[in-house]
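Taking it in order: structure first as structure tokens, then the write-up.
Note that the structure is predicted; figures quoted are calculated from it, not measured.
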Amino acid sequence: MRIMFAVPCYWPSQDGVTHITKYLAEGLAAKGHEVLVFTSTGRGGLQELPKTELHAGVQIERMRVYVRWPLKIQGRDVESNAKAYFQKVKQYCPDILIVVCAQSWTLDWIIPYLDQIACPKVFYSHGYSWMKEKYDIKEKLIAGNMVGAWGEYRAKRYYKRLYRILTKFELVLYLLENNNACVYAREHGLTNGKVLENAIEDAFLSEEMQHEAGKNKTVQFLCVANYNDNKNQRLVLEAFCKARMENARLVFAGFEENAYLQELRQLKEEWGSEKEVLFHVHLDRNEIYELYRKSDVFVCGSRLENAPIVHCEAAATGMAIISTPVGNVKEMEGILIAENCREMSFSMERLAGERDEMKWRGQQLREYVIGKKCRVVDKVDWLEKKLEKL
């Protein structure tokens with residue numbers, strides 16, 4: 001099959017959407033399918049990435065797109081626009097088109113052309129972060145925030161009609177049964193959906209990756225996420241600095257240097273904590289593996305997630321986990337949930353002082369993940385079978 005993925009971000013980015021799309025695209029390519037990933041140059045469209053390249057058996061082509069959803073989606077040059085996107089689909093003539101993510105150019109720009117695309121179409125949702133029960137249009141108007149009110153109105157209108165768009169796809173994929181996108185589909189009577197949960201790379205399930213948490217004198221806390229306000233590394237940093245414990249280290253690993261990371265460094269200096277804090281950027285996958293291997297507790301401070309894969313990766317290695325109650329993490333047996341900075345600090349102190357509990361929680365989480373049967377090869381095989389039936 002000739003399979004075309006249209007996804008807002010892809011390698012070398014390191015976010016969740018990239019990671020999932022990457023293992024599916026590379027897995028299908030390894031099984032002999034011809035795979036094209038049509039994507040953008042990344043966050044802001046400013047990275048110096050080639051327009052075309054081949055990576056791990058997958059052909060990659062990029063446009064330069066600026067997205068400030070729901071207010072604006074526009075190309076950064078004359079070759080990056082909705083028509084060029086549609087022309088690429090026509091030129092490539094895929095057997096299957098897989099459109100990844102709502103609230104982005106990958107879906108929004110192709111909507112007017114869906115009826116002109118003859119091949120079976122798949123939409124892969126990663127959740128709807130702008131979908132709300134109540135939109136703050138009136139409140140923002142009263143506050144004089146016209147731009148904010150316009151954004152709320154556009155988001156409300158978008159989700160009011162999205163279900164009609166989704167009927168044009170032969171298959172719609174969701175991360176979880178209780179994900180808001182899946183719930184939305186059921187509420188609107190859509191019947192073309194299937195659940196494809198996230199997978200874990202075999203490396204995280206290997207014996208080599210397993211370690212006995214807490215065996216070292218210094219407890220290492222690890223946070224792996226792109227540096228931004230939604231991932232909320234500020235919460236993790238503040239909780240760590242306020243926690244009363246000795247022999248502790250906090251390690252952050254994100255994709256790139258940016259203003260948010262600079263702010264974190266500044267806050268570390270202002271708070272005056274003597275605890276060791278390391279900020280990493282642009283690590284390759286092997287370096288990320290090494291951080292998981294050497295760390296004791298995984299920490300997440302995200303404001304919003306759907307089905308975060310990093311929690312499962314950490315659990316697979318036998319690490320204890322402290323996390324805000326995002327996505328499906330409450331279902332993970334052994335996890336410590338922290339609603340705020342005080343609870344996160346307390347959880348850090350608790351695990352640093354109780355090594356046996358740290359080890360027990362890590363074992364519970366590993367058993368939970370193993371029981372989910374979520375290897376990459378399983379998900380690629382599942383997807384291939386579904387695509388062959390379209």
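Using a 3.5 Å distance cut-off with no hydrogens or angles, the side chains of Y158 and D108 do pair a donor with an acceptor.
In this structure, M209 is a member of the same hydrophobic cluster as V369, with clusters built from ILVMFWY side-chain heavy atoms closer than 4.5 Å. Residues V380 and L205 do not share a hydrophobic cluster, clusters being chains of Ile/Leu/Val/Met/Phe/Trp/Tyr side chains in contact below 4.5 Å.
For the salt bridge (Lys or Arg N to Asp or Glu O under 4.0 Å) condition, the pairs that include at least one residue of residues 115-127, sequence neighbours left out, are D115-K168.
Here the side chains of T317 and R293 are not in contact, with every heavy-atom distance at 4.5 Å or above. Looking at R303 and T324, their side chains never come closer than 4.5 Å, going by heavy atoms from C-beta outward.
Stacking of K379 on the aromatic ring of Y23 is not recorded, the 6.0 Å distance cut-off and the 45° axial limit not both being met.
Looking at R249, its side chain never comes within 3.5 Å of a backbone N or O of L278 through a donor-acceptor pair. At distances below 3.5 Å, not a single donor-acceptor pair connects side-chain atoms of K242 with backbone N or O atoms of S345. The backbone N or O of E339 lies less than 3.5 Å from a partner atom in the side chain of E343, making a donor-acceptor pair.
The pair E201-K22 does not count as a salt bridge, with every side-chain nitrogen at least 4.0 angstrom from each carboxylate oxygen. Between E257 and R265 a salt bridge is recorded (basic side-chain N to carboxylate O distance below 4.0 Å). Comment: E313 engages R285 in a salt bridge, judged by a side-chain N to carboxylate O separation of less than 4.0 angstrom.
Pairing each heavy atom of C101 with each of F123, the nearest pair is C-CE1, 3.6 Å.
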message: The test is ring-ring contact (aromatic ring centres under 6.0 Å, His included); show your working for F38 and Y10 and say whether it passes.
response: CA-CA 9 Å; F38 192 63; Y10 195 69; over 10 Å; no
